[in-house]
Amino acid sequence: MTLSSSWLHIWGFVLASYSLTSLWIIALAFLAIRRFNHASRRLALLKKSSAVKEQTPS
Amino acid sequence: MSPISSWFHHYANPGVFLRLVRPCLLPLGTISVILLMTGLIWGLCFSPADWQQGENVRIMYIHVPMAWLASACYVALALCGILSLVWRHPLADRAAIEIGPIGCAASALCLVTGSLWGKPSWGTWWVWDARLTSMLILFFLYLGHITVIRAFDDSFRGQKAAAILAIVGIVDLPIIKFSVQWWNTLHQPDSISLTATPTISLSLMWPLVLCTGGFTLGAITLVNTRLCASLMERQVQFFSRRGK
């Protein structure tokens, strides 16, 4: 440990690590969930519309 | 076809994979959030400070799981490369596309948190130490993989090149692991090993185990969520084309 590192200084580094990691994880999770929901909704809609098409007499 | 081979090909079917994995995502995500919250709050607020490193030791609860995750994701990437090149497994290339960014984020966070730990402990943000340099190379391997897999108009060529890069790049993992033994490095040797008694106190080890478990489960959930989304996007493309 270097002499220049005060208690407050070190807590700054610790909190910076925790907040940076939390932000990255939240961003990655948010993007993945949004992509998943979007694809899931579109797929359900397409399946529904193709089922309706098959039932409609031509 | 042998039973193993038929099992292997059965689960290679994207439809079967989706039916199997989709219901597991929410429970997996919930368990990983619980583990992570417990581990991180324990590590930040309740675990004791180290006698030598002081409060700075709390960065370890993020830095060590990120280092482990970066290596584990690269092993998964290389396995996907082998599955893709040898057996043309239809899910392997898709999985490699989704694992790359997660591993890259883990290696970047490992480097940044290591740097934040190094400044108060070593008095410098960065040294060209064997452990740090080999981890930086792993980060560049991830960047290369992410770029190469998307770089070709013909996606098959991109996936093949990326699979070769992933397999060749695995040589960096033993260098990362054993760098602290092979060279005289500033980075301390491993405190936890499968073969030896841990040299770390139990009061520091438990939050570390929880954080590592939480981050690992979280990464598995994230990769599978992205993989399911990618497979569904493909199905959407297929239905749209059929509709036209």
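Residue numbers start from 1 in every chain, and the chains themselves are labelled A, B, ... in the order their sequence lines are given, proteins ahead of strands. Every heavy atom of this structure was used, including side-chain atoms; hydrogens, water molecules and symmetry mates were not.
Of the listed residues B:Leu116, B:Thr113, B:Leu222, the one with more heavy-atom pairs under 4.5 angstrom with chain A than any other is B:Leu116. The candidate from B:Leu40, B:Leu231, B:Ile59 with the greatest count of non-hydrogen atom pairs under 4.5 Å with chain A is B:Ile59.
In this structure, B:Tyr142 contributes its side chain and B:Ala70 its backbone to a donor-acceptor pair below 3.5 Å. Listed for the B:Asn56 side chain is a donor-acceptor partner under 3.5 Å among the backbone atoms of B:Trp117. Judged purely by atom type and a 3.5 angstrom limit, B:Arg58 uses its side chain to pair as donor or acceptor with the backbone of B:Ser47. The closest donor-acceptor contact from the side chain of B:His63 to the backbone of B:Cys110 lies under 3.5 Å.
Residues of residues 203-221 of chain B having a heavy atom under 4.5 Å from any heavy atom of chain A, listed by number: B:Phe215. Taking non-hydrogen atoms and a 4.5 Å limit, the residue list of residues 18-31 of chain B in contact with chain A, ordered by number, reads B:Arg22, B:Leu25.
Using a 4.5 Å cut-off between heavy atoms, A:Leu46 touches chain B through its side chain atoms alone. For A:Ile25, the part lying under 4.5 angstrom from a heavy atom of chain B is the side chain only. When heavy atoms are compared at a cutoff of 4.5 Å, B:Ile62 approaches chain A solely by way of its side chain, counted from C-beta outward. No part of B:Ser115 comes within reach of chain A, as not one of its non-hydrogen atoms sits under 4.5 angstrom from that chain. Residue B:Val236 touches chain A through both its backbone and its side chain, counting heavy-atom pairs closer than 4.5 Å. For A:Leu45, no part sits under 4.5 Å from any heavy atom of chain B, backbone or side chain.
One finds the OG atom of B:Ser240 at 9.5 Å from the CG atom of A:Leu43 (value rounded to the nearest 0.5 Å). Here OH of B:Tyr74 is found 7.5 Å from CG of B:Leu173. Values are rounded to the nearest 0.5 Å. Taking CG of B:Leu44 as the start and OH of A:Tyr18 as the end, the distance is 5.0 Å to the nearest 0.5 Å. In this structure, CG on B:Leu138 lies 12.5 Å from OG1 on B:Thr133, to the nearest 0.5 angstrom. Atoms CG and OG, from B:Asp50 and B:Ser121 in turn, are 9.5 Å apart once rounded to the nearest 0.5 Å. One distance of note links CZ of B:Phe17 with CZ of B:Arg94; it measures 12.0 Å at 0.5 Å rounding.
Using a 4.5 Å cut-off on side-chain heavy atoms (C-beta onward), B:Ile97 and B:Gln159 make contact.
In the model, B:Arg131 has no side-chain atom that pairs as donor or acceptor with a side-chain atom of B:Thr185 under 3.5 Å.
Between A:Phe13 and B:Trp125, the ring centre distance stays below 6.0 Å.
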